[in-house]
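Counting begins at 1 with the first residue of the sequence. No hydrogens, no waters, no symmetry mates; every other heavy atom, side chains included, goes into these values.
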Amino acid sequence: QKAYNVCKNIYFPNGNFILDTLEIQSETSITGSPSTRLIDKPNSTEDAMFTLAVGPVVHVRFNNLLVVGHITNPNKHGFFLEAKPQQGDNNGGMWWSSFTNVIVGSFTGSGFNFQGGPSSGIYAYLLPHQFIQFNGVRSFSGKNTNDGFVLSGQCGQMIFNECEFE
């Protein structure tokens with residue numbers, strides 16, 4: 001997390017890398033090589049490998065990654081992206097971002113779980129996930145009872161090209 005906060009752009013060469021959790025920030029990218037595997041830390045107490053920072057998180061890029069869960073982490077998600085309001089204008093969510101050639105699998109929770117805001121109340125229409133492209137993305141659950149890809153709340157203007165979700 002410290003390296004990500006400072007560098008904003010992380011490149012993983014070929015190989016296996018253990019990762020517990022990472023909070024996604026604006027204007028960042030995580031890129032791998034053809035054989036990059038981000039492997040969930042065994043016995044983690046975190047809810048997800050990737051979470052979303054507070055406020056609008058914009059211009060984020062994930063490229064060429066294999067993200068793998070671990071059976072010892074019950075109900076852990078690969079990407080749990082809950083829109084959280086920032087102080088002042090209450091906006092939040094992921095905007096103008098992309099996932100390209102990303103494979104997510106073997107999590108006991110969802111591979112991707114986007115939770116946008118409500119359509120009524122104080123945060124009405126302020127917490128959308130929007131303008132997101134998915135190109136060559138695949139997500140497979142670790143258990144037959146979990147979904148590879150979940151959208152709830154305000155989620156719109158998303159493009160899916162050559163994707164597969166279980």
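To the nearest 0.5 Å, the span separating CG on Leu52 from CG on Leu22 amounts to 11.0 Å. The structure places NE2 of His77 at 10.5 Å from CG of Asp147, a figure rounded to the nearest 0.5 Å. Here the straight-line distance linking atom OG of Ser98 with atom CZ of Arg61 works out to 4.0 Å at 0.5 Å rounding. To the nearest 0.5 Å, the span separating OH on Tyr11 from CG on Asn64 amounts to 9.0 Å. In this structure, CD1 on Ile18 lies 5.0 Å from CD1 on Ile39, to the nearest 0.5 angstrom. Atom CD1 of Ile30 sits about 7.5 Å away from atom CG of Leu19, to the nearest 0.5 Å.
Of all heavy-atom pairs spanning Gly117 and Ala83, the tightest one is N-CB, 4.4 Å. When every heavy atom of Ala48 is checked against every heavy atom of Thr21, the shortest pair comes out as O-OG1, 2.8 Å. Scanning all heavy atoms of the two residues, the minimum distance from Pro56 to Ser26 falls at O-OG, 3.3 Å. When all heavy atoms of Val68 and Ser106 are compared, the pair lying nearest together is CG1-CB, 4.2 Å.
The six-membered or imidazole ring of Phe79 lies away from that of Phe114, with a centre-to-centre distance of 6.0 Å or more. If you look at Phe112 and Phe99, their ring centroids are closer than 6.0 Å. Not less than 6.0 angstrom separates the ring centroid of Phe131 from the ring centroid of Trp95. Phe160 has its ring centre less than 6.0 Å from the ring centre of Phe149.
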* **Stepwise side chain to side chain contact (heavy atoms under 4.5 Å, CB included) check, Tyr125 with Gln154** => CA-CA 7 Å; Tyr125 303 107; Gln154 299 171 35; 4.2 Å; yes
* Asked: Which is it for Leu38 and Asn16 under the side chain to side chain contact (heavy atoms under 4.5 Å, CB included) test, yes or no, and what are the steps along the way?
  -> CA-CA 6 Å; Leu38 301 182; Asn16 296 328; over 6 Å; no
* Under the side-chain hydrogen bond (donor to acceptor under 3.5 Å, both in side chains) rule, what do Asn9 and Ser29 come out as? Steps first, then yes or no, please. => CA-CA 5 Å; Asn9 298 300; Ser29 69; 2.8 Å; yes
* **Residue pair Asp47, Phe80: steps toward the side chain to side chain contact (heavy atoms under 4.5 Å, CB included) verdict** => CA-CA 8 Å; Asp47 293 330; Phe80 186 77; 5.6 Å; no
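Using modelled atom types and a 3.5 Å distance limit, the side chains of Gln25 and Glu27 yield no donor-acceptor pair.
When atom types are taken as modelled, the side chain of His59 and the backbone of Thr28 share no donor-acceptor pair closer than 3.5 angstrom. His129 contributes a side-chain N or O that, together with a main-chain N or O of Leu81, makes up a donor-acceptor pair within less than 3.5 Å. At least one donor-acceptor pair under 3.5 Å links the side chain of Ser139 to the backbone N or O of Gly148. Using modelled atom types, no side-chain atom of Lys84 and backbone atom of Gly93 make a donor-acceptor pair closer than 3.5 Å. Of the possible polar contacts, one joining the His70 side chain to the Thr72 backbone as a donor-acceptor pair under 3.5 Å is found. Side chain of Asn73 to main chain of Ser44: a donor-acceptor pair is present (N/O by atom type, distance under 3.5 Å, no hydrogens or angles). A distance-only check finds no donor-acceptor pair linking the side chain of Asn75 to the backbone of Gly109 [under 3.5 Å]. Panel note: side chain Glu162, backbone Gly136; no donor-acceptor pair is recorded below 3.5 Å. Counting only distance, with no hydrogens or angles, the side chain of Ser33 and the backbone of Ser35 share no donor-acceptor pair below 3.5 Å.
No single ILVMFWY cluster, assembled from side-chain heavy atoms under 4.5 Å apart, contains both Val150 and Phe165. Following chains of ILVMFWY side-chain contacts shorter than 4.5 Å, one can reach Phe134 starting from Phe50, so the two form part of one hydrophobic cluster. Linking ILVMFWY residues whenever their side-chain heavy atoms come closer than 4.5 Å, directly or via other members, places Phe107 and Leu151 in the same cluster. Hydrophobic clustering places Ile132 together with Ile24 (ILVMFWY residues linked when any side-chain heavy atoms are closer than 4.5 Å, directly or through intermediates). Residues Met94 and Trp96 do not share a hydrophobic cluster, clusters being chains of Ile/Leu/Val/Met/Phe/Trp/Tyr side chains in contact below 4.5 Å.
The environment of CD1 in Ile10 is crowded: more than 12 heavy-atom neighbours from other residues, nucleotides or ligands sit within 6.0 Å.
Side-chain contact check for Asp40 versus Met49: some heavy-atom pair is nearer than 4.5 Å. With contacts defined as side-chain heavy-atom distances shorter than 4.5 Å, the pair Phe140/Arg138 qualifies. With a 4.5 Å cut-off on side-chain heavy atoms, Asn91 and Pro85 do not count as touching. In this structure the side chain of Leu65 never reaches within 4.5 angstrom of the side chain of Asn101, judged on heavy atoms.
Summarising the hydrophobic clusters (Ile, Leu, Val, Met, Phe, Trp, Tyr; side-chain heavy atoms under 4.5 Å, direct or chained), the residues clustered with Val54 are none.
In this view, Asp20 and Lys76 satisfy the salt bridge (charged side-chain N to carboxylate O under 4.0 Å, His left out) rule, not counting sequence neighbours.
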